[in-house]
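First the structure, in the form of structure tokens, and then the observations on it.
As a basis for the values below, the full set of heavy atoms in this structure was taken, side chains included, without hydrogen atoms, waters or symmetry mates. Just so you know, these numbers come straight off a predicted model, no measurement behind them.
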Amino acid sequence: MTQEPAIAPAAPPAARRTPFARTFHGDTFTDHYDWMRDKESPEVRDYVAAQNAYCEGRMAGLQGLRDTLFDELKSRIRETDMSVPTRMNDYWYFARTVEGSQYGIQCRMPVRGEDDWDPPQVDPASTPGSLPGEEIIFDANRESAGHDFFRLGGMDLSRDGRWMLYGTDVTGDERYDFRIRDLVTGDELDETLAGIGGASLSPDGKWVFYVIIDDAWRPYAVRRHRVGTPVTDDVEVYREDDERFWVGVGMSFDERSVVIGTGSKTTTEVWMLPLDDPEGEFSVFIPREEGVEYDVSFGCFEGAGEDGADIPIAVVYHNAHNPNFEIDVIDMRGHEPPYRLGEGVVVAAGSPYGCERGDACEPGASARPIGAAYRNPANPAILQGAHGLAVEGIAIHRHFVSLSYRAGGLVHSALMTKDQAAADFLAGRPWSFRELNPPALDGDWDAYAQAAALAADGPEAGTDADASADGNDMVTTWDGAADDLLPGETRRLYTIGAGGNPSYDAPRMRYSFSSYTRPGELHEIDPATGEDRLLKRGVVLGGFDPRDYMERRVWITARDGEQIPVSLVWRRDFPVSESAMFITGYGAYEISSDPGFSVARLSLLDRGVLYAVPHIRGGGEMGRAWYEQGRRLNKRHTFEDFVDATVALQEAGLADPRRTVANGGSAGGLLMGAVMNMAPERYAGIEADVPFVDALTSILDPSLPLTVTEWDEWGDPLHDEDVYRYMKSYTPYENAPEPGEDGSPDPRAAAFPKVFVTTSMNDTRVLVVEPLKWTARLQAAGVDVVTRIEVEAGHGGTTGRYKQWREVSYENAWCLAMMGLSTS
């Protein structure tokens with residue numbers, strides 16, 4: 001196994017071992033480190049300080065590499081920059097960054113007229129607030145003064161732009177203090193909504209609806225506040241008593257209603273209140289049904305009715321009949337409540353294949369492969385034959401309609417004009433969406449032609465030898481890894497989607513995309529003509545050229561026969577053979593690990609590292625079935641997929657086990673602990689960030705933050721013995737090496753990789769006790785572990801961009817050392 005360079009030797013801190021018996025379902029587990037749960041105790045504080053000192057001593061030899069990585073990262077970023085202005089009501093809003101400043105600065109300029117839809121040209125190098133009409137509305141650098149940690153928890157503005165509601169967190173515990181500022185005078189109102197989860201300001205600036213949090217950190221109730229009155233006069237307008245459900249509140253897109261959304265991991269419900277009666281009673285749109293998720297929005301087809309009348313519509317997104325969701329559009333002319341899910345015209349429907357409830361949608365669907373091609377006569381042409389199809393949402397504006405969906409393990413976006421949508425709706429035919437394809441770079445090795453058939457991508461897609469014969473497919477090229485025999489193709493792997501479109505009346509749609517090796521771009525497209533205009537491309541300094549890097553999607557076969565997509569990224573002039581590999585994953589909560597650009601990643605790629613992302617089950621890359629097969633009593637698939645992907649890449653000759661480092665955070669940290677226990681010989685190093693490694697202990701305790709809401713994800717081990725025993729079979733803490741009764745090392749420890757752990761004292765999602773206990777047990781057993789604990793931070797780590805750059809450089813230096821690349 002690769003050793004790090006000479007580092008001052010030191011013994012890890014010795015933690016007190018005091019037996020604590022945890023007994024459930026006739027099973028007793030002895031935990032020797034449960035005393036660490038009291039993070040405020042002097043003993044725990046001393047232990048944290050000792051671990052940090054030990055970490056710094058062990059990492060001292062990497063100081064030069066850390067500085068080099070930080071300098072590389074900093075040199076590639078244009079530190080003084082700005083976002084493209086976005087129009088909201090009568091102002092253009094944008095954010096600036098200034099060299100030397102940790103945080104962004106929020107600014108605005110007035111529009112030049114009612115028809116002003118072209119963003120103003122603003123010189124990024126100009127001083128914030130110096131341009132004619134430019135106002136600084138929020139400078140986080142000034143607001144954060146005196147705080148080691150600072151995070152903005154939301155910002156809302158009144159329609160006239162005078163009143164700003166904003167929330168801040170200065171500890172990392174995700175409880176925000178919201179205040180109201182008069183942007184005309186700069187004064188703040190007396191009231192503070194302290195320690196809340198989120199808030200929304202009514203368009204007229206007279207009311208705030210906000211969410212309060214219980215002792216378990218669950219957003220559980222909504223209160224109404226009249227601006228300018230004491231907070232003690234606030235009225236509770238909604239309370240959620242089911243502990244599995246979280247509550248949120250906001251304004252509808254048309255700003256006509258206050259909307260309360262409440263939901264568990266598998267069930268949702270929507271309550272609404274017309275804003276013309278802000279002190280009225282909320283009413284439920286459709287009562288909740290266990291296992292059914294839905295959302296609703298309202299709009300209209302302007303002038304599409306008889307004699308040019310508007311046609312009011314409701315757009316309902318739900319999975320009542322289709323587990324991968326469908327979108328229904330309801331003609332609201334003469335339609336009165338109550339409403340039912342499944343009414344209206346189906347605009348798009350996902351694939352039921354492989355889903356637990358798939359048979360209810362189509363006989364035999366549950367038993368079919370997740371990646372089987374799906375066809376539905378109601379679907380647009382671009383969705384026909386898609387693999388792993390999941391419908392994710394639709395947005396209806398005055399001039400255009402956009403659709404978001406997943407297929408072939410990637411996110412897709414489509415567009416059509418509003419007039420065409422109205423015509424298709426009235427004619428009762430499938431809607432005529434067009435796929436959004438990002439423009440290719442001039443001379444790029446991976447060039448788009450007119451219309452890439454992205455929706456048909458899947459395990460049976462062409463190999464690298466396949467090239468475009470008819471001009472309708474993406475060109476694939478030799479990638480330096482053509483002899484590994486893994487099925488797949490080489491091309492840019494994009495994340496693309498509509499975004500930055502807050503104005504209903506905007507004549508053109510903005511969309512953004514990026515890949516693993518191509519910096520993000522913001523475009524604006526005319527829905528009628530298809531004219532595509534680049535608004536901003538991410539700048540990477542220092543001679544960066546995306547053509548120097550390669551991306552590839554391969555498919556590996558998991559031990560149960562499922563085909564798992566894996567994304568690979570590397571520098572073209574480094575042969576992909578027995579490479580050092582950084583492999584990372586998540587695989588939980590139906591969250592997809594989609595392609596995205598990282599400046600810090602370049603320092604790994606430029607040293608010959610192969611970057612790999614297995615899109616493992618438990619995530620949402622291939623739709624709802626992908627999630628279902630990686631949760632509850634199927635959770636082991638998540639860990640097995642990751643290990644099987646690692647093994648496949650190593651045995652195909654792409655990666656060297658002696659130079660492979662794995663990484664994951666939070667639920668991905670649980671993944672790290674599990675795969676390390678399952679296949680320690682496959683990894684030289686494991687980086688686990690804020691790792692959820694003591695999952696069973698936490699999910700057994702309903703008094704802890706988030707526990708009850710998590711039962712839908714992991715199962716309920718408190719009341720179900722099968723769930724208890726299944727979780728105990730994989731949870732990292734219970735299955736980690738443990739010292740003998742005499743304190744001797746565990747013989748298994750010699751085979752384990754080196755481990756680097758990061759955590760934060762104020763983390764409310766994964767309590768600091770979990771990684772602390774895990775560290776203590778592993779170190780006592782003889783595993784080489786270093787742990788870094790942020791004293792002033794939460795689940796997301798430290799704040800401030802330079803601090804974050806230092807942090808990622810610290811972590812990457814350790815990873816490179818494990819790969820034997822610490823001197824390069």
Side-chain angles (χ1 to χ4, degrees), residues 266 291-294 317-328 341-342 346-393 403-412 414 430 433 435 453-462 487-488 553 555-566 587 589-594 614-635 637-638 640-641 644:
T266 59
V292 173
E293 301 168 66
Y294 78 88
Y317 171 79
H318 69 93
N319 67 347
H321 309 303
N322 187 316
N324 255 323
F325 290 87
E326 68 180 51
I327 296 170
D328 299 335
L341 294 175
V346 178
V347 174
S351 167
Y353 297 159
C355 294
E356 293 171 359
R357 296 192 296 113
D359 288 352
C361 182
E362 178 183 310
S366 296
R368 297 201 63 182
I370 295 173
Y374 178 67
R375 291 175 174 82
N376 185 320
N379 273 343
I382 60 170
L383 301 187
Q384 301 298 339
H387 305 265
L389 175 63
V391 175
E392 296 205 323
L403 175 70
S404 176
Y405 64 98
R406 305 195 66 87
L410 294 170
V411 66
H412 298 264
F433 283 104
E435 182 82 17
L454 296 179
D457 291 346
E460 54 274 84
R553 172 63 58 83
W555 297 80
I556 67 99
T557 303
R559 63 193 67 182
D560 68 344
E562 187 60 74
Q563 297 293 298
I564 311 299
V566 182
Y589 302 108
E590 206 173 357
I591 294 173
S592 300
S593 299
D594 290 323
H615 303 281
I616 52 185
R617 282 172 284 184
E621 285 88 343
M622 295 287 286
R624 176 53 58 97
W626 210 244
Y627 171 51
E628 292 172 344
Q629 289 196 15
R631 65 168 181 168
R632 297 178 183 167
L633 296 179
N634 291 318
K635 188 60 194 173
H637 284 152
T638 301
E640 293 165 355
D641 289 354
D644 293 346

Within the side chain of [X], is there an N or O that forms a donor-acceptor pair under 3.5 Å with the backbone of [Y]?
X	Y	result
Tyr405	Ala414	no
Gln384	Asn376	yes
Ser366	Asp359	yes

Within a strict 4.5 Å, meaning less than it, do heavy atoms of the [X] and [Y] side chains meet?
X	Y	answer
Arg617	Asp560	yes
Phe433	Val347	yes
Asp644	Glu562	no

Classify the side-chain pair Asn324/Ser351 by whether it contains a donor and acceptor separated by less than 3.5 Å. no
Please tell me whether Glu435 and His412 have a donor and an acceptor in their side chains that are separated by less than 3.5 angstrom. yes
Calculate, to the nearest 0.5 Å, the distance between atoms [atom1] and [atom2] belonging to [X] and [Y] respectively.
X	Y	atom1	atom2	answer
Thr266	Tyr627	OG1	OH	7.5 Å
Glu362	Tyr353	CD	OH	4.0 Å
His615	Ser592	NE2	OG	9.0 Å
Glu326	Asn379	CD	CG	9.5 Å
Leu389	Ile370	CG	CD1	13.0 Å
Trp626	Thr638	CH2	OG1	10.5 Å

Would you name the heavy atoms of [X] and [Y] that are closest together and state the gap between them?
X	Y	result
Arg553	Leu410	NH2-CD2, 3.3 Å
Gln563	Pro565	O-CD, 3.8 Å
Leu403	Ala348	CD1-CB, 4.3 Å
Arg357	Asn319	NH2-O, 2.8 Å
Asn322	Pro352	OD1-N, 4.4 Å
Leu341	Tyr294	CD2-CB, 3.9 Å

Walk me through whether Glu356 and Arg632 qualify under salt bridge (Lys or Arg N to Asp or Glu O under 4.0 Å). CA-CA 13 Å; Glu356 293 171 359; Arg632 297 178 183 167; 5.1 Å; no
Pair Arg406, Asp594 - check side-chain contact (heavy atoms from CB on, under 4.5 Å), show working. CA-CA 11 Å; Arg406 305 195 66 87; Asp594 290 323; 2.6 Å; yes
Run the salt-bridge test on Glu293 and Arg624 with the 4.0 Å N-O cut-off and return the result as yes or no. yes
